[in-house]
Every structure is written in structure tokens, then in C-alpha cells.
Amino acid sequence: MSNESLAGEIRALAQEKNAIILAHNYQVPEVQDIADLTGDSLALSIQASETEADIIIFCGVRFMAETAAIVCPDKKVILPVKEAGCGMADMLNAAELKAEKAKYPGVPVVTYVNSTAEVKAESDICCTSANAVQVVKSLKTPEVLMTPDKNLAMWVQRHTDQKIHYWLGYCPIHDDLTVAQVKVAKAAHPEALLMAHPECPPEVLDMADAVRSTSGMLTFAAESKAKEFIVATEIGLLYTLKKQNPGKRFYAASPEMVCIDMKKTGLKEVLQALQTEGPVIVVPEPIRLMALKAVERMMAVPRDL
Ligand code: 13P
Ligand code: SF4
């Protein structure tokens, strides 16, 4: 079946079943094109919490669908490919976080949404790359413990006087980007501005003209007078950047920045998810209630990046 026929079937079935299709900015182009909404983790969580649809088809990775299930217990949240995970989220479990918390009594835990529901449940507040600085500042405590991303934590440390303790997790895709690779991209495109995701290592962020979430990069590129940009994040974002800015040019900081898990979902998987109404993501109720507190607390804080 062609992509066009698959897309037609998906749209018709989504309407018939009152399903909303959410897609992360890293999804493959054809999936982004059939989605009701594309966005970064924060935008998609907010959209999930506000939707009146009965079914949420979450085209992304497990922690994103779990977040939707945490905020929408009355909806069927479906992750089309149940094996779509996140290397960073797998770097911290609840037992490890409990042990880490014991080292810092009374210090609040700020957990990046790229984490399991169990880890969120052990946290005081969540954050995304779009609101991390604001979330930490909102706590007004002299110290915080950030998990699981060391690079996001070190980025936040540059913007606050609060002492940031952090877990040594990282995104295998962003953390691999080197200064040497960025130098090669800059040499090839000397006029281009560098946009980087805060999951990149500090020495790469030092070279950036803008450090933003994925949706923050879309806004920055649209508003900037510059015509060329090097993009230091997963290459899926290049599709939307190019589509939304036909007069501008975008280059990957490295062609190796591919998140395999984000590429597991295609149109066939989306159609199958709608037809079978599965796989459904279920978060056990005691965990969900604890995680919900941390997610809702985050949602009350405005985004800043
Ligand atoms: P954003 O929230 O910026 O879209 O990032 C999510 C992610 O997984 C980055 O690797
Ligand atoms: Fe996780 Fe990195 Fe993939 Fe984002 S790009 S989903 S942080 S592994």
C-alpha cells in the first residue's frame, strides 16, 4: 500500500474512533505529516492532558506515551511500537534514585521527562528541555538533585546560583557529538548559526549560538534573520525546519545523530495501532498517582527556552 493510501486510511480511522495522533519532532516525515500535532516533549504532554479524544496514538518513545498515560488515566494511550524506548531513560531506575536521594536529605529531585514512570514517581517535579531552568528556579531551594541527564543538569547550572547535584545519565545520540564534528560542520558552512539541544556535551554547547528544545529550535530558526543553521540534535528535526522555512538552509551537525528508537514507527505501525487499539501503555495506579504530582507541578511552571 502506498504512503498516500496508508495516510488516508489512518486519517479516516482516527476520525471514526475519535483518536488523536501526536508525533514527536524526531519522527519520520510521513508520520509527522499525518499527525494532529507535532512538538517537543512539553507541548505533547500538554496536548495530551487537554485533549477530548478517547484514544491517543503517541508516535514517539515509551517515556512520552507513559507521560500521556500519567496525565490521562481515562484515555487509551497507544505506543504503536512497544519496543521504542529511550537510552537515557534506561540509565536510571527507581531503586538507584532512592539510593541517590538518601545522599541528599531534604534536597528536591528534578527529573527530566526522559525517564520511566517509576523514576518520576520518586521525584518532586519533572522538567523538559524547554523549561528546565525555570523549573529549578521555581523551587527556590539552595540545592537540587537533577536526573537522569548530566548534560541538561550542567546546562541548568550555568543559569542558576543553586547548587545542582546530578545523575550521570546521558542521551547516547547527543552525548556522542564532538567538538571536532561541529568544527567540520562550521568549516563547511561558515555563515551558519549553531543551534544545539541541551543534551549535547558542555563543550559543544559552548560553541552554540542558541541552546534550545526541539520546538525552541523551530521558533529560533523562524525568528532569526540568519539564513543558514547547523542543527545539533536528532536529524528528524531537519524535516520540519526545512518545511517551515523554505528560504533557509539547515545542516546536520553530524549525520550520525540518529535515534533508532524514534525511527521505529512508520505509517504501517500507526495504522495497525489504530486497527488493534494497541499496544496500550498502562502505568500502575500507585505509581501513576505519585508521578502525576511531579508532572502536574512541572506543567504549572512556564517554559523559558
Ligand atoms: P525535546 O523535549 O526537546 O523535544 O527533546 C526530547 C528528546 O528526546 C531529546 O532527545
Ligand atoms: Fe532518548 Fe536520546 Fe532518543 Fe531523545 S534522542 S529519545 S533522549 S535516546
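Model, not experiment: these values are computed from the prediction. In listed order, ligands and their atoms are each counted from 1.
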- [ ] Show your reasoning for whether salt bridge (Lys or Arg N to Asp or Glu O under 4.0 Å) applies to K76 and E277.
- [x] CA-CA 8 Å; K76 205 179 245 188; E277 298 190 17; 2.7 Å; yes

Open item on the list: Using side-chain contact (heavy atoms from CB on, under 4.5 Å), reason through C200 and W155 one step at a time and then give a plain yes or no.
Closed with: CA-CA 9 Å; C200 294; W155 169 248; over 6 Å; no

Task: Working for salt bridge (Lys or Arg N to Asp or Glu O under 4.0 Å), residues D40 and R212 - done: CA-CA 11 Å; D40 63 7; R212 297 284 191 279; over 6 Å; no

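T128 does not count as a contact of ligand 1, since none of its heavy atoms falls under 4.0 Å from the ligand. Look at H24 and you'll find a heavy atom under 4.0 Å from some atom of ligand 1. Ligand 1 lies out of reach of M262, whose nearest heavy atom is not under 4.0 Å from it. The closest approach between any non-hydrogen atom of S129 and ligand 1 is below 4.0 Å. Ligand 2 lies within reach of E199, whose nearest heavy atom is under 4.0 Å from it. The closest approach between N114 and ligand 2 falls below 4.0 Å for a heavy atom of the residue. In this structure, E234 has no heavy atom closer than 4.0 Å to ligand 1.
Here's the thing with S213: none of its N/O atoms is less than 3.5 angstrom from an N/O atom of ligand 1. Checking only distances, H197 does come within under 3.5 Å of ligand 1, N or O to N or O. When only interatomic distances are considered, the shortest N/O to N/O separation between N114 and ligand 1 falls below 3.5 Å.
The nearest N, O or S atom of C259 is not closer to atom 1 (Fe) of ligand 2 than 2.8 Å.
Following chains of ILVMFWY side-chain contacts shorter than 4.5 Å, one can reach V113 starting from V156, so the two form part of one hydrophobic cluster. No continuous path of hydrophobic side-chain contacts links V81 to I57 [ILVMFWY only; heavy atoms under 4.5 Å].
In terms of protein heavy-atom proximity, atom 8 (S) of ligand 2 is nearest to G87 N, 3.6 Å. Atom 6 (C) of ligand 1 has S41 OG, 3.5 Å as its closest protein atom, hydrogens excluded (heavy atom only). The protein heavy atom nearest to atom 2 (Fe) of ligand 2 is C171 SG, 2.4 Å. Protein heavy atom in closest approach to atom 1 (Fe) of ligand 2: C86 SG, 2.4 Å.
Which parts of ligand 1 touch H174 is read off a 4.0 Å heavy-atom cut-off, strictly below it: atoms 10 (O). For ligand 1, the atoms lying closer than 4.0 Å to a non-hydrogen atom of E199 are 7 (C), 9 (C), 10 (O).
Using cut-offs of 30° and 60° for the angle between ring planes, the H174 and H197 rings count as tilted.
The number of heavy atoms from other shown groups lying within 6.0 Å of CD (E203) is above 12. Surrounding OH of Y166 are at most 12 heavy atoms belonging to other residues, nucleotides or ligands under 6.0 Å away. The 12-atom threshold is exceeded at NZ of K186, counting heavy atoms of other residues, nucleotides or ligands nearer than 6.0 Å.
Look at E191 and R249 and you find no salt bridge, because none of the NZ, NE, NH1 or NH2 atoms lies under 4.0 Å from a carboxylate O.
Of the residues listed (E83, E30, E269, E234), the one engaging K263 in a salt bridge (Lys or Arg N to Asp or Glu O under 4.0 Å) is E234, and it is the only one.
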